[in-house]
Amino acid sequence: MASALNDLASAALILSAFPPQVLADATPGPAVDLGPGDGPCFAVQTVGAVSADAQLYGLLEQSDDGAAWAAVPGAAFAPAVAAGGVQTVRFRRSQRYVRWTGSVDGPEGSAVAAAVVVVQQRKTF
């Protein structure tokens with residue numbers, strides 16, 4: 001199997017699971033429809049500014065209907081405690097929709113800036 005992607009835009013779904021924004025508490029991203037995708041997925045979490053003593057906990061959830069959500073096994077990021085961090089998790093989903101959910105832990109007024117993308121190979125016919 002080749003490890004090169006010659007046309008990323010045509011070969012992969014690249015979807016925003018959490019547009020860049022500042023979180024101050026538990027915040028879910030939008031539902032991402034991976035119906036046109038196939039095989040393993042990966043997600044990239046980037047962290048911007050982090051308040052003093054704050055931590056960001058991010059994980060991916062899945063759903064068949066976009067309403068009832070459950071954690072995707074093995075799709076949690078390590079706690080982020082510093083600005084500029086980039087983490088990637090590889091996972092397999094068993095349901096059509098995924099979303100990223102982040103929560104911030106720390107002193108009163110803690111906040112973390114973050115963004116997440118989810119990538120999966122497109123189905124080939």
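On a predicted model such as this, the values are computed, not experimentally measured, just so you know.
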Give the table of side-chain donor-acceptor pairs shorter than 3.5 Å for residues 81-92, with sequence neighbours excluded, one pair per line with atom names and distance.
from, atom 1, to, atom 2, distance (Å)
Gln87, OE1, Ala78, N, 2.9
Gln87, NE2, Ala78, O, 2.9

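- In this structure, the side chain of Gln62 engages the main chain of Ser94 through a donor-acceptor pair within 3.5 Å.
- Partners of Leu34 according to the side-chain contact (heavy atoms from CB on, under 4.5 Å) rule, which considers only residues two or more places apart in sequence or in another chain, are Leu13, Leu15, Val32, Cys41, Arg93, Val98, Val118, Gln120.
- The stretch residues 72-83 participates, sequence neighbours left out, in no side-chain hydrogen bond (donor to acceptor under 3.5 Å, both in side chains) pair at all.
- When every heavy atom of Ser110 is checked against every heavy atom of Pro107, the shortest pair comes out as OG-O, 2.6 Å.
- Residue pairs meeting the salt bridge (charged side-chain N to carboxylate O under 4.0 Å, His left out) criterion with at least one partner in residues 102-119, sequence neighbours excluded, do not occur; the list is empty.
- There is a side-chain donor-acceptor pair under 3.5 Å between Thr101 and Glu61.
- Identified under the salt bridge (charged side-chain N to carboxylate O under 4.0 Å, His left out) test for residues 62-88, with sequence neighbours left out: none.
- For residues 36-49, the set of pairs meeting the side-chain hydrogen bond (donor to acceptor under 3.5 Å, both in side chains) definition, not counting sequence neighbours, comprises Gln45-Trp100.
- Both Val104 and Leu60 belong to a common hydrophobic cluster when Ile, Leu, Val, Met, Phe, Trp and Tyr are linked at side-chain heavy-atom distances under 4.5 angstrom.
- For the side-chain hydrogen bond (donor to acceptor under 3.5 Å, both in side chains) condition, no pair includes a residue of residues 68-80, sequence neighbours left out.
- Cluster membership check: Phe77 shares its hydrophobic cluster with Val72, using side-chain heavy-atom separations under 4.5 Å among Ile, Leu, Val, Met, Phe, Trp and Tyr.
- In this structure Arg96 satisfies the salt bridge (Lys or Arg N to Asp or Glu O under 4.0 Å) test together with Asp33, sequence neighbours excluded.
- The stretch residues 20-53 participates, sequence neighbours left out, in no ring pair (Phe, Tyr, Trp, His ring centres under 6.0 Å) pair at all.
- Scanning all heavy atoms of the two residues, the minimum distance from Val47 to Ala80 falls at CG2-CB, 3.7 Å.
- A donor-acceptor pair under 3.5 Å links the side-chain atoms of Lys123 to the main chain of Gly35, judged by distance alone.
- Val119 is not listed as a side-chain neighbour of Val44, based on a closest heavy-atom distance of 4.5 Å or more.
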Can you give the donor-acceptor pairs under 3.5 Å from side chains of residues 21-30 to other protein atoms, not counting sequence neighbours?
from, atom 1, to, atom 2, distance (Å)
Gln21, NE2, Pro19, O, 3.4
Asp25, OD1, Thr27, OG1, 3.4
Thr27, OG1, Asp25, O, 3.2

Please output the side-chain donor-acceptor pairs of residues 48-57 that fall under 3.5 Å, not counting sequence neighbours, one pair per line with the distance.
from, atom 1, to, atom 2, distance (Å)
Ser51, OG, Ala111, N, 2.9
Ser51, OG, Ala111, O, 3.0
Gln55, OE1, Tyr57, OH, 2.3

